[in-house]
Amino acid sequence: MNTSQVLEVFYSEHQWFITNDDYETLVWSESNSAPKPSLEELQEKWDNDKAPIENNVIQQTRQGEILAKWPMEKQFEAITEYHMDRPEKLEELLEHIQQVKENLPKAS
């Protein structure tokens, strides 16, 4: 089980800190509205609710691939040029994003 991934997906609205993906090091903020999940609860989510976790990993991979070819400043430039009636770069960006999505589909 990847404890960090489970926490990122199911407990992202809470404050916590973990070292080396080791549950024993999980520090749960006292300001959280929910109690610290048990190791068993996290394991159950990992075993039985895998799609959101896999989709989170896929989304992060997609972002990396998009930013590798189209860093934020190039994206901003494409949008700016589009508003100056030069749509070519934005069209290229959107085609790249679509290709990344097709290459890295999310789980159903």
Side-chain angles (χ1 to χ4, degrees):
M1 168 176 69
N2 187 315
T3 306
S4 299
Q5 286 181 355
V6 176
L7 290 167
E8 287 173 14
V9 171
F10 295 103
Y11 299 93
S12 62
E13 71 278 5
H14 299 291
Q15 295 179 4
W16 48 268
F17 178 79
I18 192 167
T19 303
N20 296 328
D21 202 50
D22 179 9
Y23 180 81
E24 296 303 317
T25 68
L26 176 60
V27 177
W28 196 255
S29 174
E30 292 179 12
S31 67
N32 289 337
S33 59
K36 178 180 173 180
S38 68
L39 181 59
E40 293 75 23
E41 289 171 317
L42 297 176
Q43 185 67 53
E44 182 179 333
K45 289 186 182 303
W46 178 262
D47 293 340
N48 300 318
D49 205 1
K50 205 77 172 209
I53 297 167
E54 291 170 352
N55 286 341
N56 187 52
V57 172
I58 290 168
Q59 184 62 33
Q60 291 173 357
T61 305
R62 284 177 173 182
Q63 289 174 357
E65 289 202 17
I66 292 166
L67 289 172
K69 183 171 180 178
W70 286 89
M72 293 304 281
E73 61 272 7
K74 282 185 71 177
Q75 292 183 37
F76 182 72
E77 180 182 325
I79 293 167
T80 301
E81 288 196 18
Y82 172 80
H83 288 288
M84 296 170 66
D85 293 323
R86 296 191 304 249
E88 297 80 16
K89 285 186 181 177
L90 183 60
E91 290 169 0
E92 187 180 338
L93 168 60
L94 294 175
E95 287 173 15
H96 178 70
I97 291 170
Q98 185 59 40
Q99 187 62 53
V100 168
K101 286 181 175 183
E102 290 173 10
N103 293 343
L104 296 165
K106 287 188 175 181
S108 305

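Source: prediction; values computed, not measured.
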Partners passing ring pair (Phe, Tyr, Trp, His ring centres under 6.0 Å) against Tyr11 (at least two apart in sequence or in another chain):
Trp28
Going by heavy atoms in the side chains, are Lys89 and Tyr82 under 4.5 Å from each other?
no
Check for a donor-acceptor pair, side chain of Asn32 on one end and backbone N or O of Ala34 on the other, with a separation under 3.5 Å.
no
Residue pair Leu7 / Pro37, side-chain heavy-atom distance below 4.5 Å
yes
Separation of Glu92 CD from Leu90 CG (nearest 0.5 Å):
10.0 Å
Rounded to the nearest 0.5 Å, what's the gap from NZ on Lys101 to CD on Gln59? Could you check?
8.0 Å
Ile58 with Val9, same ILVMFWY side-chain cluster at under 4.5 Å
no
Within a radius of less than 6.0 Å around CG of Asn20, do more than 12 heavy atoms belonging to other residues, nucleotides or ligands occur?
no
Has Asp22 got a side-chain atom pairing as donor or acceptor with Glu24's backbone, closer than 3.5 angstrom?
yes
Euclidean distance, Lys36 NZ relative to His14 NE2, rounded to 0.5 Å
14.0 Å
Distance (rounded to the nearest 0.5 Å) between Trp16 CH2 and Glu8 CD
5.0 Å
Which heavy atom of Ser38 sits nearest a heavy atom of Glu41, and at what distance?
N-OE1, 2.6 Å
Can Phe10 and Asp49 be said to form a side chain to side chain contact (heavy atoms under 4.5 Å, CB included), step by step?
CA-CA 10 Å; Phe10 295 103; Asp49 205 1; 3.4 Å; yes
Checking Lys45, Gln43, Lys50 against Asp47 for side-chain hydrogen bond (donor to acceptor under 3.5 Å, both in side chains), the one that qualifies is Gln43
Under the rule for side chain to side chain donor-acceptor pair (under 3.5 Å), what residues qualify as partners of Glu30, not counting sequence neighbours?
none
dist Leu42:CG -> Leu26:CG (nearest 0.5 Å) comes out at 7.5 Å
Smallest heavy-atom separation, Gln75 atom then Ile66 atom, equals NE2-CG2, 3.8 Å
Flag yes if more than 12 heavy atoms outside Lys74 fall under 6.0 Å of its NZ atom; otherwise flag no.
yes
I'd like to know if Leu104 and Leu94 are part of one continuous hydrophobic network [Ile/Leu/Val/Met/Phe/Trp/Tyr, side-chain heavy atoms within less than 4.5 Å].
yes
Any side-chain to backbone donor/acceptor pair from Arg62 onto Val100? Under 3.5 Å, distance only.
no
Donor-acceptor pair, side chain of Glu54 and main chain of Ala51, under 3.5 angstrom
no
Is Leu39 linked to Val27 within one hydrophobic cluster, defined over Ile, Leu, Val, Met, Phe, Trp and Tyr using a side-chain heavy-atom separation of less than 4.5 Å?
no
Answer with yes or no whether the hydrophobic clustering places Ile97 together with Ile79; edges join I, L, V, M, F, W, Y residues whose side-chain heavy atoms lie under 4.5 Å apart.
yes
Any side-chain to backbone donor/acceptor pair from Gln15 onto Ser29? Under 3.5 Å, distance only.
no
Between CE on residue Met1 and OH on residue Tyr23, distance to nearest 0.5 Å
9.0 Å
